[in-house]
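Here the structure comes first, spelled out in structure tokens, and everything after it is commentary.
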Amino acid sequence: MNNKKKIASTKAGTSAPKTGADQLELRPGQSVELLKELHILTRDGKLNQDSRRKLKQVYHLYQFIEPLLQELRLSHPDLSLVDHGAGKSYLGFILYDLFFKTLEGNAHIYGIETREDLVQKSAELAKRLEFPGMSFLNLSVAESTDSAALPPTVDVVTALHACNTATDDAIDFALKKQAKAIVLVPCCQAEVASVLNRNKGKSLGRTSLTELWRHPLHTREFGSQVTNVLRCLQLEAHGYQVSVTELVGWEHSMKNELIIARYKDLPRKRPAERLQEVLQSLGLEELQTRFFVPA
Ligand SMILES: C[S@@+](CC[C@H](N)C(=O)[O-])C[C@H]1O[C@@H](n2cnc3c(N)ncnc32)[C@H](O)[C@@H]1O
């Protein structure tokens, strides 16, 4: 992250105790109040180590999202971002604090979350911090696609560890809302593995490659890998340029794959064909609707 500084560090050898804020890298204008509210700093200004790890992870993700936002704001400052499976909305609040709050116009972040208590807490926090460009909606990702509370098009869609098929619903949302950038850190997805498992009897022995998912543990891991491959092909088949990388700093989690898609109106035919071939080769034809690509 550029432009960051450690605030008010004490000099070596002096006796003044360090506060939590001293040890955090803060950007100019960043809200210490927000960090306290997110329990990254305790009320008496000390660092909460667990939450600090979470903050570092979100900062790390921010490094990937900020350049996308910078590029998009050149065409218009009224950026809209929808964060699916928002949870406590760490990501949304940090994005707002570091980027959105200084934008002019009607830039807005929407958090979508099925847990009503979390939605309510986030809404109260945004009010307390006077972050008017944040809204939290108690909807499932799938419901949000047709919700009148959201605009017909959005600039950026994020989904950070949105459970199971919520990531796929977020992709569907992003495609329907013509998102210019999509940032996904998928969680476990059991749907592909369950179809592989159900069809094992039919497919085992067909080719030696079916060994890739014969053992139950391999079925789960291979299913997860295939899911993300199909997601990438689906995005490419809608004209997006896709990059896949590892979200370092996420060592505690097995689910650290970061998929970033940017709309470039790229040729769609080959990824669409490849997607169909993968579905057919693995006996996953019934998932064509899930990984929908227009003919
Ligand atoms: C593992 S948490 C991640 C929270 C947050 N994105 C983060 O990384 O800190 C997943 C969140 O997604 C929510 N969720 C799960 N399925 C959902 C769905 N279909 N629609 C909206 N939210 C969902 C859960 O309630 C939970 O708060």
Side-chain angles (χ1 to χ4, degrees), residues 34-35 37-40 48-65 81-100 109-126 131 134-150 154 156-177 179 181-192 194 224 227-228 231 245-260 289-291:
L34 170 64
L35 299 179
E37 293 281 2
L38 294 179
H39 304 294
I40 288 157
N48 177 335
Q49 291 302 336
D50 282 349
S51 307
R52 187 190 186 204
R53 195 170 330 119
K54 181 81 189 169
L55 179 71
K56 283 187 90 167
Q57 292 163 352
V58 173
Y59 273 174
H60 189 71
L61 188 54
Y62 181 72
Q63 287 181 330
F64 293 94
I65 300 177
L81 181 145
V82 179
D83 183 35
H84 285 296
K88 291 182 183 165
S89 286
Y90 273 86
L91 178 62
F93 277 110
I94 295 291
L95 284 172
Y96 193 86
D97 193 35
L98 296 187
F99 197 91
F100 278 69
I109 293 184
Y110 301 86
I112 308 298
E113 171 55 54
T114 40
R115 273 185 56 187
E116 193 180 356
D117 55 327
L118 297 181
V119 171
Q120 207 174 328
K121 276 191 184 142
S122 296
E124 284 164 11
L125 177 55
F131 286 178
M134 292 192 88
S135 308
F136 302 90
L137 302 172
N138 186 203
L139 294 170
S140 71
V141 181
E143 287 164 349
S144 72
T145 307
D146 297 318
S147 165
L150 287 156
V154 301
V156 184
V157 170
T158 58
L160 178 51
H161 289 156
C163 312
N164 199 5
T165 52
T167 300
D168 302 291
D169 293 336
I171 292 174
D172 182 59
F173 173 97
L175 296 175
K176 290 188 174 137
K177 298 285 183 182
I182 307 169
V183 178
L184 307 167
V185 181
C187 201
C188 39
Q189 201 255 37
E191 195 178 40
V192 169
S194 86
S224 172
T227 303
N228 287 342
R231 287 167 172 160
T245 183
E246 196 180 19
L247 199 54
V248 290
W250 229 274
E251 295 86 357
H252 72 291
S253 170
M254 297 275 285
K255 301 294 162 201
N256 62 352
E257 185 167 330
L258 170 65
I259 300 174
I260 299 181
T289 326
R290 167 68 70 205
F291 301 101

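For ligands, and for the atoms within them, numbers begin at 1 and follow the listed sequence.
Residue L160 has at least one N or O atom closer than 3.5 Å to an N or O atom of ligand 1. At least one N or O atom of G85 sits closer than 3.5 Å to an N or O atom of ligand 1. An N or O contact shorter than 3.5 Å links V141 to ligand 1 by distance.
Classified by interplanar angle (parallel below 30°, tilted 30° to 60°, perpendicular above 60°), the ring pair F173/H84 is perpendicular. The aromatic rings of F100 and Y96 sit parallel, their planes meeting at an angle under 30°, below the 60° perpendicular limit.
Each of the following atoms of ligand 1 lies closer than 4.0 Å to a heavy atom of S140: 20 (N), 21 (C). Taking a cut-off of under 4.0 Å to the non-hydrogen atoms of C163, the atoms of ligand 1 that pass are 10 (C), 15 (C). Less than 4.0 angstrom separates some heavy atom of G87 from each of these atoms of ligand 1: 4 (C), 27 (O). If you number the atoms of ligand 1 from 1 as listed, the ones under 4.0 Å from a heavy atom of H161 come out as 1 (C), 2 (S), 3 (C), 10 (C).
Residue L139 places a heavy atom under 4.0 Å from ligand 1.
For atom 25 (O) of ligand 1, the nearest non-hydrogen atom from the set Q57, E113, R115, H84 comes from E113.
Under 4.0 Å from ligand 1, the heavy atoms of A86 that appear belong solely to its backbone.
Salt bridge status for D172 with K176: present, with a side-chain N to carboxylate O gap under 4.0 Å. The residues R290 and D169 are annotated as salt-bridged, a charged nitrogen and a carboxylate oxygen being separated by less than 4.0 angstrom.
Taken to the nearest 0.5 Å, the CG atom of L91 stands 6.0 Å off from the CG atom of L160.
Proximity of the aromatic rings of F136 and F93 is defined here by a centroid distance below 6.0 angstrom, and this criterion is met.
Side-chain contact between L247 and H60: present, with at least one pair of heavy atoms (C-beta onward) separated by less than 4.5 Å.
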